[in-house]
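Before any comments, here is the structure.
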Amino acid sequence: MPRYSRGFDIDTAQAHLQRVDKRLASWMRRLGPLPAPQGWTRSFDPVDALARAILFQQLSGKAASTIVGRVEAAIGSKRLHAASLGLIDDAGLRACGVSGNKALALRDLTRREAAGELPNLRQMSLMDHHAIVDAWVPVRGIGRWTVEMMLMFRLGRPDILPIDDLGIRKGAQRVDGSEAMLTPKALAERGERWGPYRTWASLYLWRIADFSAEPKQKTNRSQD
């Protein structure tokens with residue numbers, strides 16, 4: 001059984017993408033090299049990570065961080081998992097600002113963790129990314145995109161293309177100079193040439209989507 005490492009050789013990925021896609025290669029040269037995500041080298045608890053992902057859904061970063069801080073204070077722990085979240089009832093979660101739907105999602109996540117239904121970090125190192133997606137998406141509140149973010153930024157899997165992500169689709173649209181964004185199905189077909197380094201292509205597509213050639217305006221400071 002193969003063991004999957006966290007992260008991959010970005011120089012190899014860079015060279016591959018520049019070789020197989022000239023349009024993308026032009027943008028890659030324009031933007032320059034990207035750093036490897038820092039999460040590839042950091043240990044993490046997948047249950048804690050996805051519990052936080054649930055709490056951050058559909059909120060600004062500041063608002064979500066405030067709610068997470070309240071939950072941590074209420075349970076007396078910086079780790080969100082079955083044992084610690086079991087110390088607070090639903091009314092307590094609501095008092096922290098957690099919505100009813102998110103509370104249900106957290107309960108489903110921790111119930112599955114306690115039942116041994118969810119893979120830990122060691123177990124995921126022996127699973128391909130399709131199996132990891134299949135293991136986590138049955139959890140209430142955890143969609144494919146959320147698992148794909150964990151695969152890309154925490155597990156460092158090299159061949160992930162989040163075809164439903166609007167930023168990815170916008171980036172691909174700019175690469176091709178298209179009038180309309182590709183559908184998810186068309187993006188999946190377009191991205192076949194990027195394999196087995198679709199993760200690295202995705203990181204560039206997000207940068208391309210946000211790229212602006214216009215220089216930032218300098219703020220004029222008034223003089224006394």
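Worth knowing before you read on, the calculation uses all heavy atoms, side chains too, and leaves out hydrogens, waters and symmetry mates. Please read all numbers here as calculations on a predicted model, not as lab measurements.
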Sequence-distant partners of Trp206, ring pair (Phe, Tyr, Trp, His ring centres under 6.0 Å), two or more places apart: Phe153

Suppose we screen for ring pair (Phe, Tyr, Trp, His ring centres under 6.0 Å). Which residues come up paired with Trp194, at least two apart in sequence or across chains? none

Side-chain contact, heavy-atom cut-off 4.5 Å: [X] with [Y]?
X	Y	result
Ile142	Met150	no
Leu24	Ile208	yes
Val139	Leu118	yes
Leu203	Tyr197	no
Pro196	Phe8	no
Pro162	Ser202	yes
Leu106	Leu80	no
Asp164	Leu187	no

Tell me whether [X] contacts the main-chain N or O of [Y] through its side chain, where contact means a donor paired with an acceptor under 3.5 Å.
X	Y	answer
Arg6	Arg42	yes
His81	Pro46	no
Ser84	Arg79	yes
Arg112	Trp136	no
Gln18	Ala25	no
Ser125	Arg3	no
Thr110	Ala82	no
Thr41	Gln38	yes

Kindly give the heavy-atom pair with the smallest separation between [X] and [Y], and that separation in Å.
X	Y	answer
Arg52	Glu72	NH2-OE2, 2.8 Å
Gly195	Asp159	CA-OD1, 3.4 Å
Gly156	Trp40	CA-NE1, 3.2 Å
Arg23	Asp176	NH1-OD1, 3.5 Å
Gly141	Ile54	O-CG1, 4.2 Å
Ile88	Ala74	CD1-CB, 3.7 Å

Tell me, yes or no, whether the heavy-atom count around Arg144 atom CZ, taken from other residues, nucleotides or ligands under 6.0 Å, exceeds 12. no

Reported [atom1]-to-[atom2] distance for the pair [X] and [Y], which is rounded to 0.5 angstrom:
X	Y	atom1	atom2	result
Leu85	Asp48	CG	CG	9.0 Å
Arg154	Ser43	CZ	OG	8.5 Å
Thr183	Glu189	OG1	CD	7.5 Å
Leu161	Leu205	CG	CG	7.5 Å
Ile67	Lys62	CD1	NZ	13.0 Å
Ile163	Arg169	CD1	CZ	9.0 Å

For Glu148, is there an ion pair with Arg198 - N to carboxylate O distance below 4.0 angstrom? no

Salt bridge Lys78-Asp45, side-chain N to carboxylate O under 4.0 Å: no

Asp21 and Arg190: CA distance, side-chain angles, deciding distance, side chain to side chain contact (heavy atoms under 4.5 Å, CB included) verdict: CA-CA 10 Å; Asp21 193 324; Arg190 171 72 173 84; 2.7 Å; yes

State yes or no: do [X] and [Y] share one hydrophobic cluster built from I, L, V, M, F, W and Y residues joined by side-chain heavy-atom distances below 4.5 Å, directly or via other members?
X	Y	value
Leu121	Val133	yes
Tyr4	Leu151	no
Met181	Val175	no
Phe211	Tyr204	yes
Met127	Phe44	yes

Kindly list each side-chain donor-acceptor pair under 3.5 angstrom involving residues 92-104, sequence neighbours excluded, with atom names and distances?
{"from": "Ser99", "atom 1": "OG", "to": "Lys102", "atom 2": "N", "distance (Å)": "3.2"}
{"from": "Lys102", "atom 1": "NZ", "to": "Leu55", "atom 2": "O", "distance (Å)": "3.1"}
{"from": "Lys102", "atom 1": "NZ", "to": "Gln57", "atom 2": "O", "distance (Å)": "2.6"}

Starting from the C-alpha separation in whole Å, work towards a yes-or-no answer on side chain to side chain contact (heavy atoms under 4.5 Å, CB included) for Leu166 and Lys170. CA-CA 6 Å; Leu166 289 178; Lys170 180 181 177 182; over 6 Å; no

